[in-house]
Structure formats: structure tokens, C-alpha cells
There are 4 protein chains.
Amino acid sequence: MLCSMPPRSTRRSDAARTAILTAAVELVGEVGYSKSSIEAIATRAGVGKQTIYRWWSSKGSVLLDAYLNANVGGEPEDPQGLPNTGDLVADMRAVLRATVDELNDPRFERPLRALTVAVLEDESLAAEYSRRLDEPMRQMKKERLRAAQRQGQLSPDVDLDAVVDTLFAPVAQRWLLRSGPLTYEYTDHLVETVLTGLPRPGS
Amino acid sequence: MLCSMPPRSTRRSDAARTAILTAAVELVGEVGYSKSSIEAIATRAGVGKQTIYRWWSSKGSVLLDAYLNANVGGEPEDPQGLPNTGDLVADMRAVLRATVDELNDPRFERPLRALTVAVLEDESLAAEYSRRLDEPMRQMKKERLRAAQRQGQLSPDVDLDAVVDTLFAPVAQRWLLRSGPLTYEYTDHLVETVLTGLPRPGS
Amino acid sequence: MLCSMPPRSTRRSDAARTAILTAAVELVGEVGYSKSSIEAIATRAGVGKQTIYRWWSSKGSVLLDAYLNANVGGEPEDPQGLPNTGDLVADMRAVLRATVDELNDPRFERPLRALTVAVLEDESLAAEYSRRLDEPMRQMKKERLRAAQRQGQLSPDVDLDAVVDTLFAPVAQRWLLRSGPLTYEYTDHLVETVLTGLPRPGS
Amino acid sequence: MLCSMPPRSTRRSDAARTAILTAAVELVGEVGYSKSSIEAIATRAGVGKQTIYRWWSSKGSVLLDAYLNANVGGEPEDPQGLPNTGDLVADMRAVLRATVDELNDPRFERPLRALTVAVLEDESLAAEYSRRLDEPMRQMKKERLRAAQRQGQLSPDVDLDAVVDTLFAPVAQRWLLRSGPLTYEYTDHLVETVLTGLPRPGS
DNA sequence: TTTTAAACGAGACGGTACGTCGCGTCTTTAT
DNA sequence: ATAAAGACGCGACGTACCGTCTCGTTTAAAA
């Protein structure tokens with residue numbers, strides 16, 4: 001249902017589809033995930049409830065589509081990939097700074113948090129999320145690291161997935177659990193710690 | 001709630017309190033967070049709904065207390081602190097392995113995931129969670145790292161918070177979003193990547 | 001509700017309507033007014049609570065409709081009007097005897113008492129009750145008295161409303177407050193006292 | 001418990017008793033019967049709930065005591081009995097006028113209506129009500145009629161209970177069901193109709 | 001073109017759970 | 001010893017949404 005579906009089963013109203021996705025992001029941005037009922041989305045979209053149930057299996061599904069729809073043509077970062085100025089550390093610093101900018105912007109924060117809540121509660125939505133949002137982003141990040149390897153800025157032996165995780169998961173975690181402020185200071189520090197390596201005495 | 005307040009407003013039933021917390025963990029373990037209604041918790045605890053509403057402000061609050069109550073005397077790891085055999089890498093490997101063991105055990109996983117969902121949706125619960133669960137754990141971890149610094153296994157200049165984050169956030173993130181399997185292989189790799197540092201060619 | 005309004009707002013389920021009214025009379029007949037919760041009516045009717053709240057404003061409203069519905073085509077007495085054998089005294093005696101029969105029959109007594117309680121507590125329900133139950137009955141009674149006037153059995157000057165009140169209110173009052181047994185003896189006596197007039201010595 | 005109780009069982013706080021009865025009348029006068037909870041009465045009286053439950057069996061019982069307490073030393077009319085100027089018709093007219101004055105005065109109306117609702121729903125309270133309120137009043141009325149009989153204004157054969165009923169029940173009924181305005185006109189008319197007798201043509 | 005089948009808006013329906021109020025009982029604290 | 005205070009298990013309140021199910025009414029394809 002969510003997947004591609006180019007040969008549309010029957011005549012589907014694109015106006016309704018758009019209205020629903022827009023209403024969903026807006027509503028979630030205003031009142032949060034759990035207070036955004038399907039009824040409320042339908043009402044705000046000027047749509048019958050059935051039209052939602054016809055095309056999506058859950059509120060989470062709507063939210064996933066809505067989030068993707070809102071960031072069309074370019075997932076958070078640039079669609080063409082991460083910046084590559086030749087300086088890996090500087091580039092990653094910039095990317096992480098851009099990430100915290102987004103996560104600190106309520107217009108992005110609220111829907112993304114809502115989507116994350118939905119994902120946590122629904123295993124199959126999690127798979128969908130992984131495939132359509134997480135994986136593409138991870139590929140972009142790994143691509144940038146691979147370039148750095150080619151440029152000799154990173155050992156070819158390093159596990160790229162591990163590097164991506166150690167760079168981005170701390171930010172995601174701090175954002176999700178609000179365990180601390182999301183600042184450039186924090187991310188810069190993180191980049192340094194991870195990419196510079198942990199110095200041992202006498203090394 | 002747990003903290004101080006010895007002159008309780010009036011006599012509170014400890015039987016009811018315990019029954020509620022127990023029922024909450026059990027129920028959440030059986031049917032998940034969103035299907036664990038307060039009504040169901042009350043019924044299973046043999047308690048009136050009002051008794052829950054009287055002492056907790058939300059399902060999330062109950063869950064937090066319930067989780068802490070279930071792990072009394074010893075938060076996930078040892079209460080006395082993280083193991084210290086003198087070998088930092090080996091010890092952290094063990095700790096992370098223990099962590100994935102827990103996260104793979106439904107008896108811990110379900111309630112913790114439920115609690116996390118609640119925390120994501122409720123800012124003030126997040127603060128409570130940080131203070132009572134996250135921070136104490138972080139202190140234990142930093143304590144172990146500080147010992148390593150004293151033993152000369154870790155540079156005294158390193159930012160301990162950043163190290164803790166890079167070690168544990170990736171695991172938490174992978175668990176929460178189910179973006180991959182939680183294996184010893186993954187965590188061992190992580191420890192190595194983080195604690196060994198990222199080697200650069202020619203270094 | 002019964003009256004007019006043929007272009008119903010949207011499609012209303014007549015099955016639900018009937019089930020609710022039936023359940024209401026039954027329940028009230030079994031456990032009395034105050035113990036007949038809306039919840040219980042809904043359950044017995046196999047209906048959601050909201051379906052009751054959607055169409056009625058209070059338990060009393062339901063009861064009024066239910067009472068009218070239960071006595072369709074013939075309010076307590078004959079639908080065509082009160083009997084007219086040509087003998088006013090005999091006819092009124094019969095009517096009052098029929099009334100006490102009903103009031104002594106739990107199947108009628110319980111719902112009617114419930115309805116009356118509701119009416120006492122709710123001014124606007126009282127108006128509805130007056131209009132739809134009390135007034136029609138009063139008209140029938142006055143019609144019979146008017147016939148008696150035409151037949152020369154009753155002075156044309158007499159206030160028919162006052163006569164109706166003096167004949168029926170004592171019975172209603174005795175029934176409501178249970179201030180005495182409702183017997184033929186009592187009502188016969190009443191008819192005689194009222195219709196024969198109060199003889200004074202030497203008249 | 002309800003009955004007179006002059007030999008008080010134990011040391012009972014008269015302050016509490018008075019506070020409760022006062023609070024009950026006031027509350028019922030302000031918000032009506034069904035919204036006057038026992039909790040609210042207790043709170044307003046500055047009394048523990050248990051103190052109410054200890055001495056009364058139901059809200060209705062409290063209300064009955066409260067009503068009697070409020071009208072101490074003189075039930076509605078004069079304690080010494082109904083007025084007797086020697087003119088029965090004039091006196092009954094005056095008594096009925098006084099009655100409608102009371103029933104039109106919210107300070108009396110509200111508590112009395114509340115009490116009546118309670119009586120309708122509770123058979124044993126009805127008995128209590130009859131014995132302590134209704135009967136004494138009826139005796140006074142019959143006493144006045146008996147005096148009229150002695151004075152030759154009323155046939156000695158007439159059934160005094162029936163006369164009392166036909167005079168007062170219509171007013172009570174009209175008040176309870178709000179089936180019409182309670183005016184002097186109405187009661188004067190009633191007195192005339194009942195006491196003058198129903199004239200027939202040619203008598 | 002006309003037909004016709006679907007998707008659509010609207011919203012009623014049987015339900016579940018919400019968070020609150022009040023019931024009548026029971027226990028604790030402070031006179 | 002009695003009263004205030006109020007927690008307790010319980011049941012009902014009236015509301016919000018759930019997901020399903022008709023209803024007419026568009027509306028755009030196939031006939």
C-alpha cells in the first residue's frame with residue numbers, strides 16, 4: 001500500500017491525498033502525536049474518515065508518508081548527497097550542525113518526533129521507516145566516508161556503519177530523550193572525539 | 001514521589017501502590033504500551049482507577065515508577081557499579097553484552113520500550129526519567145572510565161560524556177528503531193571502534 | 001422527536017431507537033429509576049452509550065419517549081376517548097377504577113413513577129411531559145365532561161379543568177406519595193364527593 | 001434512627017447535627033436535589049462524611065430532618081392549627097393562598113421539591129414522610145373542617161379525607177408537575193368548586 | 001455521449017477508554 | 001471516645017475516538 005504503487009488500483013483523488021498529508025503534519029506540529037486523532041486529521045483535511053482508512057493502515061503510516069511528502073526531493077540534507085569539500089572533519093561537523101538545526105526547529109521536530117513514537121510502537125512501521133528514511137540517509141553518510149577513505153583521510157579498514165552510528169546516534173538519542181541541549185558545541189566535540197580517535201597516553 | 005516527602009499527606013496504601021506497579025509492568029509486558037489502559041492496570045491490580053489518578057499524573061509516571069520498582073536495589077547493571085577487572089576494553093565489552101542481553105529479553109524490553117514511548121511524548125516525564133534513571137547510569141559509566149584514566153588506560157583529557165554517548169547511544173538507537181539486530185558482534189565492534197580510536201593511515 | 005421532523009438529519013437507526021426504548025422501560029421496571037443507569041440501558045439494548053446521548057438529552061427524555069412508545073395507539077385509556085354510556089358518574093367511576101388498576105400494576109407503575117421523578121427534577125422535561133402526556137389526557141377527560149354538559153348532567157357554568165383536577169389529582173397524589181392504599185372504595189368515594197357536590201344541611 | 005430519638009444513644013455533637021441540616025437545606029436550595037451530594041453536604045457543614053452516615057440512612061432522611069428542622073415550631077401554617085374566623089370558605093381560601101405563596105417561594109420550594117423526589121424513590125422514606133409531615137398537616141385540616149361541621153357549615157356526613165384531598169391535591173399536583181401557574185385565581189376557583197358543590201341544572 | 005462503478009464527504013453505529021465525581025466503608029490523627 | 005479528614009474499591013458519568021458501515025454525490029473511465 002505504501003510501496004510505490006504506480007499502477008493505481010482505481011481513480012484516487014490526489015487532492016484528498018495531499019490534503020490529508022498536509023493536515024497530518026500541521027496537526028502533529030500543533031498538538032503532538034497522541035492528540036492528533038484520525039478524526040481530527042480527516043476533519044481538518046475536509047475528508048471522510050474512510051478515505052484515510054482506505055489508503056493507510058494506521059496513523060503512523062500516514063505520518064511516514066506525510067513526513068516524506070513534506071521533505072520531497074530532498075531528505076533533510078541535500079538530495080545530491082553530503083557535502084564534500086575534501087575535509088572530512090569539517091564536513092561532518094557541518095552535517096551534524098545542520099542536523100541539530102533541524103532538530104531544534106519545531107517545524108521539523110514535532111512531526112519527526114511523532115513519527116518516531118509511531119515507529120517505536122509498531123514493528124512493521126519500523127521496517128518501512130528503515131527502508132524509506134533511515135537506510136537512504138545512512139547510504140549517503142557512508143558514501144561520504146567512503147570518499148574520505150579514497151582520499152586517504154580514513155583507514156580503509158574501518159567499519160563505516162560503526163562510524164556512522166557513533167557520530168549520529170548520540171545526537172539522535174540526546175534529541176529523543178531530551179537528555180541534554182543540542183548545541184554545536186556538543187556535536188563539534190562529538191566529531192572530534194570520534195574522528196580523531198581516543199588518544200592514549202604515550203601514543 | 002519516592003524522594004523525601006516522609007510526612008505523607010495522609011495514610012497511603014502501600015498494598016495498592018505495589019499492586020499497581022506490578023500490574024503495570026506485567027500488563028505492559030503482555031500487550032504493549034498503547035494497549036495498556038489505566039483502566040486495565042487498575043482492574044488487574046484490584047484497585048479503583050482513582051487510586052492511580054490520585055498518586056500519578058499519567059500512565060508514563062506509573063511506568064517510570066514501575067520500572068524503577070521492578071529493578072530495585074540494582075538498576076540494570078550491578079548496584080555497586082560497573083565491573084572493573086583492570087581491563088577497560090574487556091569490561092566495556094562485557095557491559096555492552098549484558099546490555100544487549102537485557103534488551104533482547106522481552107521481560108525487560110517491553111516495559112522499557114513502553115517507558116521510552118511515554119518519555120518521548122512527555123517533556124516533564126523526560127526530565128524525571130533523566131534524573132532518576134539516565135543520570136545515575138551515566139554516572140556509573142563515567143566512574144568506570146575515570147578509573148581507567150587513573151590506571152592510565154585512557155587519556156585524562158578525553159570527554160567522558162562523549163565517550164559514554166558514543167559507546168551506548170548506538171546500541172540504544174538500534175534497539176529503539178529496530179534498525180538492525182542487537183548482537184555481541186555489533187557491540188564488540190563498537191567498543192573496538194570507539195576505544196581503539198579511528199586509525200588513520202600512517203599513524 | 002416523534003412529532004413531524006420527517007427529513008431526519010441523517011440516517012438514524014430505528015432498530016437502535018426501539019431497542020433503547022424497550023430496554024429503558026424494562027430496566028426501569030426491574031430496578032427502578034435511580035438504579036437504571038444510561039450505561040445499563042445501552043448495554044441491555046446492545047447499543048453504544050453515544051447512540052443514546054446523540055438523540056436524547058437526559059435519562060428523563062429517554063423515559064418519556066419510552067413511556068409514550070410503550071403505550072402507542074392508546075395512552076393509558078382508550079385512544080378513542082373516555083367511555084360514554086350516558087351516565088357521567090358511572091363512567092367516571094369506571095375511569096378512575098381503571099386508573100388505579102394501572103397504578104397498582106407494577107408493569108405500568110414503575111416506569112411511570114420513574115418518569116415522574118425525572119419530570120420533578122427537570123423543568124424542561126416537565127414542559128415536554130405536559131405537552132405530550134398530560135394535556136392530551138386532560139383534553140379527553142374534558143371532552144367527556146363537555147358531553148355530560150350537553151346531555152344536561154353537568155352545569156354549563158362549571159370549570160372543567162377544576163373538575164378534572166379534583167377528580168384525578170387526589171389519586172395521583174396518593175399514588176405518588178404512597179399516602180394511602182389505592183382502592184376502588186377510595187375512588188368511588190371521590191367521584192361521589194366531587195360530582196354529587198358537597199351537601200350542606202338544609203339544602 | 002430517624003424516629004424522634006429523644007434518649008440520644010451516645011454523646012452526639014449537636015453542633016454537627018445542626019451544621020449538617022443547615023448545609024443540606026442550603027445546598028439543596030442552591031443546586032437542587034440530585035446535585036446535592038452527601039460529600040458536598042459534609043464539606044459545607046465542615047463535617048466528616050462518616051458523621052452523616054452514622055446518624056442518617058440516606059440523603060432523603062437528612063432532607064426530611066432538615067425540612068422539619070427548618071420549619072420548627074410551626075409547620076408551614078400556624079402551629080396552633082388553621083385559622084378559624086367562622087367562615088369556612090374564606091378560611092380555606094386563605095389557607096390555599098398561603099400554600100401557593102410558600103410553593104412560589106424558592107426558599108421553601110427547592111427543599112420541599114427535593115424532599116418529594118426523595119420520597120418518590122424511597123418507600124420507607126415515604127412512610128416516614130407521611131407520619132411526620134403529611135399526617136399532622138392533614139389532621140389540622142380535618143380539625144378545621146370538623147369545626148365547620150360543628151358550626152353547621154358542612155354536612156356531618158361528608159368524608160373529611162376526601163374533602164381535604166380534593167382541596168389540596170390539585171395544588172400539590174400542579175406544583176409538582178408544573179402543569180400550570182400557581183395563582184390565587186386557581187386556588188380560589190378550586191375552593192369554590194369543591195366547597196360549593198357542583199350545581200346541576202334545575203337543582 | 002452516456003453509463004456506471006469507484007471514490008468521496010458525511011456521519012451514525014457498537015465499542016473502549018478516558019478522567020471525574022460520588023458512593024458507602026474503613027483507617028488514621030488529633031483532640 | 002468521637003470527630004475531621006480523607007484513602008479506598010467501585011460504579012457511573014458524559015466525551016473523545018476507534019474502525020466499520022451505510023448513505024447520497026461527484027467524477028472520470030469504459031461503453
Side-chain angles (χ1 to χ4, degrees), chain A residues 8-17 19-20 34-43 45-55 57-59, chain B residues 7-17 19 34-43 45-55 57-59, chain C residues 8-17 19 34-43 45-55 57-59, chain D residues 10-13 15-17 19 34-43 45-59:
Chain A
R8 205 69 89 352
S9 54
T10 53
R11 269 341 77 196
R12 171 173 183 181
S13 158
D14 245 315
R17 181 175 189 277
I20 289 165
S34 61
K35 273 180 280 187
S36 298
S37 62
I38 290 199
E39 297 223 353
I41 295 173
T43 300
V47 137
K49 273 198 292 179
Q50 199 58 255
T51 304
I52 298 185
Y53 285 112
R54 191 161 17 240
W55 302 107
S57 59
S58 66
K59 196 163 66 174
Chain B
R8 203 87 83 342
S9 54
T10 58
R11 221 81 295 254
R12 169 173 184 181
S13 159
D14 245 315
R17 180 177 189 277
S34 61
K35 271 180 281 188
S36 297
S37 62
I38 289 201
E39 203 135 353
I41 295 174
T43 300
V47 137
K49 269 197 292 182
Q50 198 63 19
T51 302
I52 299 185
Y53 286 111
R54 200 175 353 254
W55 303 106
S57 58
S58 64
K59 199 163 65 174
Chain C
R8 205 90 81 340
S9 54
T10 59
R11 220 92 276 268
R12 170 172 183 182
S13 160
D14 245 315
R17 181 177 188 277
S34 60
K35 272 179 280 187
S36 298
S37 62
I38 289 201
E39 203 136 351
I41 295 173
T43 300
V47 137
K49 269 198 291 181
Q50 197 62 29
T51 302
I52 299 186
Y53 285 110
R54 203 180 343 258
W55 302 106
S57 57
S58 64
K59 198 163 64 172
Chain D
T10 55
R11 230 100 36 93
R12 169 174 182 182
S13 160
R17 181 176 190 277
S34 60
K35 272 179 281 188
S36 299
S37 62
I38 289 198
E39 297 221 355
I41 295 173
T43 301
V47 138
K49 275 198 292 180
Q50 199 59 254
T51 306
I52 298 186
Y53 285 112
R54 196 168 1 249
W55 302 106
W56 290 276
S57 59
S58 66
K59 196 163 65 174

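We name chains A, B, ... by the order of the sequence lines, and we start the count at 1 in each one. Keep in mind that the numbers below use all heavy atoms, side chains included, and drop hydrogens, waters and symmetry copies. Values in this document were obtained by computation on a predicted structure and should not be read as measured data.
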Quickly work out the A:R54 CZ to F:dT22 C1' distance and round it to whole Å. 13 Å
If I take atom NZ from residue D:K59 and atom CD1 from residue D:I52, how far apart are they, to the nearest 0.5 angstrom? 11.0 Å
All side chain to side chain donor-acceptor pair (under 3.5 Å) counterparts of B:S37, not counting sequence neighbours: none
Of the nucleotides E:dC23, F:dC8, F:dC13, which one has an atom closest to the side chain of C:S37? F:dC13
Once you round it to whole Å, what is the distance between P of F:dC8 and CZ of B:R17? 12 Å
How long is the line joining CH2 of D:W56 and P of E:dC23, in whole Å? 15 Å
In whole angstroms, how far is the P atom of F:dG14 from the CD1 atom of C:I52? 11 Å
Ignoring hydrogens, what is the shortest heavy-atom contact between B:I41 and B:S36? Give both atom names and the distance. CD1-O, 4.5 Å
Taking the six-membered ring of D:W55 as reference, does the NZ or CZ atom of D:R17 fall below 6.0 Å from its centre and within a 45° cone about the axis? no
Among the candidates E:dG14, F:dC17, E:dC13, find the nucleotide nearest to the side-chain atoms of A:E39. F:dC17
Please tell me which of the listed nucleotides, E:dA17, F:dT15, E:dG14, lies nearest to the side chain of C:A16? E:dG14
When you measure from the side chain of D:T51, which nucleotide among F:dA12, F:dG9, F:dA4 comes out closest? F:dA4
Side chain of C:Y53, heavy atoms from C-beta onward: which of E:dA12, F:dC13, F:dT20 has the nearest atom to it? F:dC13
For D:K49, which residues count as a side chain to side chain donor-acceptor pair (under 3.5 Å) partner, sequence neighbours excluded? D:E39
Quick check for you: among E:dG9, F:dC18, F:dG9, whose closest atom lies nearest to any side-chain atom of A:I38? F:dC18
Measure from CH2 on B:W55 to C1' on F:dC8 and round the result to the nearest Å. 11 Å
Out of curiosity, A:I38 CD1 to A:I20 CD1, how far, rounded to the nearest 0.5 Å? 10.0 Å
Could you pull out the protein-nucleic contacts involving nucleotides 27-31 of chain E (nitrogen or oxygen on both sides, under 3.5 Å)?
none

To the nearest Å, how far apart are D:K35 NZ and E:dC21 C1'? 14 Å
Counting distance alone, no hydrogens or angles: does the base of E:dG15 have a donor or acceptor under 3.5 Å from a partner atom on the side chain of C:K49? no
